[in-house]
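What's counted below: heavy atoms across the whole structure, side chains too, no hydrogens, waters or symmetry copies. Just follow the structure's listing: the first ligand is 1, and inside any ligand the first atom is 1. Nothing fancy with the numbering, it's 1 onward along the sequence.
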Amino acid sequence: MDVPFLSLRDINARHADELKAAAARVIDSGWYVLGQEVAAFEREFADYCGASHAVGVGNGLDALTLILRAYQELGALESGDEVIVPGNTFIASFLAITENRLVPVPVEPDPASFNLDPACVQAAIGPRTRAIMAVHLYGQLADMSALAELARQHNLLLIEDAAQAHGAMREGRKAGTFGHAAGFSFFPGKNLGALGDGGAVVTSDSVLAGRVAALRNYGSEVKYRHLNQGINSRLDEMQAALLRVKLKYLDEDTAQRRRIARHYREGICHPSILLPQVRQEESHAWHLFVVRCQRRDALQRHLQTRGVHSQVHYPVPPHRQPAYPDLHRLTLPLTEQLHDEVLSLPMSPALRDEDADRVIAACQSFECPA
Ligand SMILES: *Cc1c(COP(=O)(O)O)cnc(C)c1O
């Protein structure tokens, strides 16, 4: 049997009885949108993160979009303002910015962590800069103390794209509590995954939380009174009930991801395969285990012949996508190089030790073509 990249079936099968009971509770309740399950999940997830508020929304992209939208409604941002963002991220980080008619300013990453390099951020700050969007890429926290200091000095908003980093910690604080607000995704493949789409805005700013809660629901705080031209982007009761089950196991799952990552890092020792670097064990939630290889495509083909499935996150950076012709003039050499070299190995809390051993053996037997 092959080693899958990520088996959602295996992940959810571990809690099948509890998930089915939660689904039955929602079906029997007769209440499917913005009810008790969402309210309970919002409280539980805010408590888990250590923030005052979580607001459930339709997906991770909407979480990020609504944070920026709410700041515009509150007068902290206006269209044309610049938002500094890592060049090497999933396109959703950019889409949230441009959807709000804000201007993404992509910067190069720190090559060791793949995350924002505070020196590059500092160099990119100009008169129109109003916000920094930090992405905790692959599950590892960005250097939030340096970024928070920059944000404070320059009076910028600091927003976390925490879609890959549920539960990543530094000095007792969890992802989602380092900036002014954070966007989380509960897409099925994320570390805390629903059985459909879902997302949340996490913040300790009550005014922002209230505005996001209204914006996700037609701009309405009181039924049929509309403060803003909002949208419809709500976490539904079914997903909230399922997420409440899965949240109970998130720390256990993260511990298992860390075990697999440690196993890979101890077992893979190959001159052509660069392992991910970790500053602190607990600051990485290991959404993805990403190696670098100059002959990435050859490595991926080799793993495939050994029955090991891998993926590329991501093959083309946002500034090279057809969706962003205006950004094609930019050159970000390190970002572009990373997109040519990265390869994600199988990673999941349902991965077994013998699967991880097969991944290691397959990597070790790679003969890198000259
Ligand atoms: C998944 C992801 C998102 C978007 O989340 P969705 O729920 O898929 O909309 C945003 N940013 C990053 C870094 C992601 O990995």
Side-chain angles (χ1 to χ4, degrees), residues 5-6 8 41 45 54-69 83-100 102 104 106-107 109 113-116 131-142 144 147 158-168 175-176 178-179 181-202 212 216 231-236 238-240 242-243 246 257 284-290 311-319 321 323-324 335 338-339 342 344 347-348:
F5 176 71
L6 174 71
L8 296 176
F41 174 70
F45 191 62
V55 183
V57 297
N59 54 69
L61 171 58
D62 283 354
L64 295 168
T65 305
L66 288 175
I67 290 169
L68 296 171
R69 173 78 193 279
V83 182
I84 294 173
V85 61
N88 58 319
T89 181
F90 180 54
I91 198 163
S93 318
F94 278 58
L95 293 172
I97 295 168
T98 52
E99 169 69 20
N100 280 290
L102 300 164
V107 298
S113 67
F114 306 112
N115 275 325
L116 274 180
I132 301 169
M133 166 114 48
V135 182
H136 304 309
L137 198 67
Y138 307 146
Q140 180 162 230
L141 290 180
M144 295 309 287
L147 296 174
L158 179 57
I159 293 153
E160 297 172 72
D161 178 344
Q164 303 186 352
H166 320 69
F178 295 97
F184 283 87
S185 166
F186 308 123
F187 180 76
K190 300 291 159 92
N191 287 26
L192 177 59
L195 279 71
D197 277 312
V201 171
V202 166
V212 171
R216 74 171 166 182
I231 62 170
N232 176 356
S233 180
R234 303 173 296 214
L235 185 66
D236 62 69
M238 184 64 82
Q239 298 309 328
L242 299 171
L243 284 165
K246 295 190 70 179
R257 288 174 183 275
H284 208 318
W286 295 106
H287 174 56
L288 296 170
F289 189 95
V290 178
Q311 288 188 13
V312 175
H313 297 92
Y314 302 89
V316 180
H319 74 282
Q321 295 284 354
Y324 285 114
T335 294
L338 285 177
H339 283 75
V342 290
S344 307
M347 173 55 81
S348 142

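- Checking only distances, Asp197 never comes within under 3.5 Å of ligand 1, N or O to N or O.
- To the nearest 0.5 Å, atoms OH (Tyr314) and OG (Ser344) are separated by 8.0 Å.
- Below 4.0 Å from some heavy atom of Phe90 lie the following atoms of ligand 1, by number and element: 2 (C), 3 (C), 14 (C).
- Interatomic distance, Arg257 CZ to His287 NE2, rounded to the nearest 0.5 Å: 7.0 Å.
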Handout entry: Chi angles and distances behind the side chain to side chain contact (heavy atoms under 4.5 Å, CB included) call for Leu95, Tyr324
Key = CA-CA 10 Å; Leu95 293 172; Tyr324 285 114; 3.4 Å; yes

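- Closest of all the heavy-atom pairs between Phe114 and Leu137 is O-CD2, 3.9 Å.
- Scanning the protein for heavy atoms near atom 15 (O) of ligand 1, the closest one is Gln164 NE2, 2.8 Å.
- Of the N or O atoms in Ala92, none lie within a sub-3.5 Å distance of an N or O in ligand 1.
- At under 3.5 Å, a nitrogen or oxygen of Leu61, whether backbone or side chain, sits near a nitrogen or oxygen of ligand 1.
- Atom CG of Asp161 sits about 8.5 Å away from atom CD1 of Ile67, to the nearest 0.5 Å.
- Protein heavy atom nearest atom 13 (C) of ligand 1, with residue, atom name and distance: Asp161 OD2, 3.4 Å.
- Here's the thing with Thr89: none of its N/O atoms is less than 3.5 angstrom from an N/O atom of ligand 1.
- Distances below 4.0 Å separate heavy atoms of Asn59 from the following atoms of ligand 1: 7 (O), 9 (O).
- By the 4.0 Å heavy-atom criterion, His287 is excluded from the residues contacting ligand 1.
- Near Gly60, the atoms of ligand 1 lying under 4.0 angstrom from a non-hydrogen atom of the residue are 5 (O), 6 (P), 7 (O), 9 (O).
- Remark: minimum distance from atom 14 (C) of ligand 1 to any protein heavy atom is reached at Lys190 NZ, 3.2 Å.
- For the pair Asp236 and Gln239, the tightest heavy-atom approach, listed with the atom from each and the gap, is OD1-N, 2.8 Å.
- Ring geometry for Phe186 versus His166: interplanar angle of 30 to 60°, hence tilted.
- With rounding to the nearest 0.5 angstrom, the CG atom of Leu6 is 10.5 Å from the CE atom of Met347.
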